[in-house]
There are 2 protein chains.
Amino acid sequence: MLKLSRLTDYAAVVMAQIARYPEQAHAATELADAVQLPHPTVSKTLKMLVRAGLLESRRGSLGGYRLARPATSITTSDIIGAIEGPVAMTECSHADGDCDLVDTCGVADNWQRVSLAIRTLLDSVTLAHLAQESPLKLPVQLPIQSVTLASRAEV
Amino acid sequence: MLKLSRLTDYAAVVMAQIARYPEQAHAATELADAVQLPHPTVSKTLKMLVRAGLLESRRGSLGGYRLARPATSITTSDIIGAIEGPVAMTECSHADGDCDLVDTCGVADNWQRVSLAIRTLLDSVTLAHLAQESPLKLPVQLPIQSVTLASRAEV
DNA sequence: TCGATAGGGGACTAAAATGGTCCTCAATAG
DNA sequence: CTATTGAGGACCATTTTAGTCCCCTATCGA
C-alpha cells in the first residue's frame with residue numbers, strides 16, 4: 001500500500017496542531033487531548049520529533065513543545081523521516097546501497113529515480129500546507145499532470 | 001521510510017524481465033534463475049501478479065507466464081497495487097474512509113492530495129520505463145522540479 | 001529550598017505484517 | 001499416460017509496529 005506508519009500519521013496531525021498556534025508551548029497532555037489520542041503514544045511521537053530536530057522542548061511547569069523552525073520550512077519529508085527514517089522506496093535507493101542483486105535486477109536505476117521524484121514531491125509540501133484548513137487543491141495536483149504527459153511521451 | 005515491501009521489489013524485477021522478451025512464455029523456474037531469487041518466492045509473486053490481472057499464465061509443459069497487456073500500459077502503480085493493495089498513504093486516503101478522527105485531525109484532506117499526487121506519479125511510470133536499460137533520467141525528474149516551485153509559490 | 005509540572009530515555013510486551021517454504025491438486029503437451 | 005508447469009493454500013519464523021510504563025531530570029514559582 002505504500003502506507004505511512006500510524007505513528008507518522010500521528011506525528012503529522014500533532015505537528016499541524018502545533019503549527020496552528022506557533023507562539024505558545026504545547027504540553028503533551030494538551031496535544032493528546034486536542035487530537036484525541038492516548039497520551040503515552042503522543043508523547044513518544046513528540047520525543048521522536050524532538051530528536052529529529054523538528055521540535056524544541058522545554059521542561060518544567062511552563063514547558064512544552066514548539067516548532068524548531070517555521071512551518072514553511074518543515075516538509076512532510078522531514079516528518080516522515082523523523083519517524084520512519086529517510087524516505088527510500090527500495091533497498092538500494094539509499095546511499096550505502098548494498099544490494100547484491102544489482103546486476104540481475106536491471107531496475108535499480110529507474111526505481112531510484114521514481115524514489116527521488118517522490119522525495120522531491122514530499123519536500124515540496126510543507127507543514128504549513130498540511131496545517132491549512134483549506135485543502136491545497138490545484139497547486140500540487142495540476143503540475144503533476146504535466147509530468148504524466150512528459151514521461152509518457154518519452155516512451 | 002515509505003518503503004516498498006521486498007515482494008513488490010521482486011515483482012518489479014520479474015515483470016521487467018518478462019517485459020524484455022514479451023513473445024515467449026516464461027516459466028517460474030527460468031525467471032527465478034534469471035533473477036537470482038529463490039524459486040518458491042518468485043512463484044508466489046507471480047501468482048499474485050496473475051490474480052491482479054497483470055500476467056497471464058498457462059500450465060503444462062510449454063506453459064509459463066506472459067504479460068496480460070503491453071508493457072506500456074502496465075504502470076508501477078499497478079505492480080505495487082498487485083502486491084500490497086491499492087496505493088494509499090494514510091488510513092483515510094482510500095475511498096471507504098472509516099477514520100473516526102477526521103474531525104480532530106484536520107490534515108486528512110491534504111494528505112489525500114499528496115497521496116493522489118504520488119499515485120499520479122506512479123501511474124505515469126510504466127513497466128516499459130522500468131524495463132529500459134537506460135535510466136529515464138530527465139523525463140521524470142525535471143518536470144517534478146516545477147511542481148516544487150509551483151506549490152511553494154502558492155503558500 | 002521544596003514541590004508540582006513537564007519532558008527524556010529506554011525497557012518491555014502484545015499483536016500484526018512480512019518473508020519464505022512446502023504440499024497437494026489441476027491443466028496441458030506430446 | 002506421463003512429464004511439466006501453474007494454482008491454491010497452509011504453515012512457520014522473524015521482524016516491525018504500536019502501545020504502555022517506569023524512573024530520572026529540568027524548570028518554575030511559592
Side-chain angles (χ1 to χ4, degrees), chain A residues 1-14 18 24-68 80 82-85 88 90-91 99 101, chain B residues 1-14 18 24-68 80 82-85 88 90-91 99 101:
Chain A
M1 316 200 221
L2 204 75
K3 196 159 48 178
L4 298 176
S5 87
R6 216 183 296 188
L7 285 189
T8 309
D9 216 340
Y10 298 165
V13 174
V14 169
I18 298 178
Q24 9 172 329
H26 302 262
T29 323
E30 175 215 316
L31 288 170
D33 205 60
V35 157
Q36 290 290 355
L37 289 172
H39 170 266
T41 303
V42 170
S43 185
K44 184 183 190 173
T45 310
L46 288 166
K47 288 175 201 171
M48 289 195 257
L49 291 166
V50 169
R51 245 182 281 178
L54 303 186
L55 290 180
E56 276 170 357
S57 64
R58 196 188 170 95
R59 305 187 188 183
S61 48
L62 293 184
Y65 296 89
R66 66 183 68 208
L67 300 183
I80 296 174
I83 309 292
E84 315 191 9
T90 53
E91 287 298 339
C99 170
L101 297 173
Chain B
M1 318 196 218
L2 203 74
K3 196 162 44 178
L4 298 177
S5 87
R6 215 183 297 188
L7 285 188
T8 308
D9 217 340
Y10 298 166
V13 174
V14 170
I18 298 178
Q24 10 172 330
H26 301 261
T29 323
E30 175 215 317
L31 288 170
D33 204 61
V35 157
Q36 290 292 356
L37 288 172
H39 170 266
T41 303
V42 169
S43 186
K44 184 182 191 175
T45 309
L46 288 165
K47 289 176 201 168
M48 290 195 257
L49 291 166
V50 169
R51 245 181 279 176
L54 303 186
L55 290 180
E56 276 169 357
S57 64
R58 194 187 172 98
R59 306 186 186 183
S61 47
L62 291 186
Y65 297 89
R66 66 182 69 206
L67 299 184
I80 297 174
I83 310 291
E84 315 191 9
T90 52
E91 286 299 339
C99 171
L101 296 174

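Protein chains get the first letters and strands the later ones, always in sequence-line order, with residue 1 at the start of each. Both backbone and side-chain heavy atoms feed into the values below; hydrogens, waters and symmetry mates do not.
Put simply, B:Tyr10 has no side-chain N or O that comes within less than 4.0 Å of OP1 or OP2 on C:dG19.
Atom-to-atom, NZ of B:Lys44 to P of C:dT18 comes out at 11 Å; the value is rounded to the nearest Å. Rounded to an integer number of Å, the gap from CG of B:Leu7 to C1' of C:dT18 is 7 Å. Computed from coordinates, the A:Arg51 CZ to C:dG8 C1' distance equals 8 Å when rounded to whole Å.
Remark: B:Thr29 engages B:His39 in a side chain to side chain contact (heavy atoms under 4.5 Å, CB included) (not counting sequence neighbours). In this view, A:Ser5 and A:Leu7, A:Thr8, A:Ile83, A:Glu84 satisfy the side chain to side chain contact (heavy atoms under 4.5 Å, CB included) rule, not counting sequence neighbours. Under the rule for a side chain to side chain donor-acceptor pair (under 3.5 Å), B:Gln24 has no partner lying at least two apart in sequence or in another chain.
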Apply the test side chain to side chain contact (heavy atoms under 4.5 Å, CB included) to residues A:Val14 and A:Leu31: give CA-CA distance (whole Å), side-chain angles for both, the deciding distance (0.1 Å), then the verdict.
CA-CA 7 Å; A:Val14 169; A:Leu31 288 170; 3.9 Å; yes
Interface polar pairs with nucleotides 5-7 of chain C, N/O, under 3.5 angstrom:
unit_1, atom_1, unit_2, atom_2, d
C:dA6, O4', A:Gly60, O, 3.0
C:dG7, OP1, A:Ala28, N, 2.9
C:dG7, OP2, A:Ala28, N, 3.4
C:dG7, O3', A:Ser57, OG, 3.3

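Running 5' to 3' along DNA chain D, contacts with non-hydrogen atoms of chain B at under 4.0 Å begin and end at D:dT4 to D:dG9.
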Kindly list each side-chain donor-acceptor pair under 3.5 angstrom involving residues 45-58 of chain B, sequence neighbours excluded, with atom names and distances?
unit_1, atom_1, unit_2, atom_2, d
B:Thr45, OG1, B:Thr41, O, 2.9

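Contact between B:Ala25 and B:Gly63 at its shortest, heavy atoms only, is CB-O, 3.9 Å.
With contacts defined as side-chain heavy-atom distances shorter than 4.5 Å, the pair A:Val42/A:Tyr10 does not qualify.
Nearer to the 5' terminus of DNA chain D, by closest-nucleotide assignment, is the contact made by B:Ser43 (compared with the other of A:Thr41 and B:Ser43).
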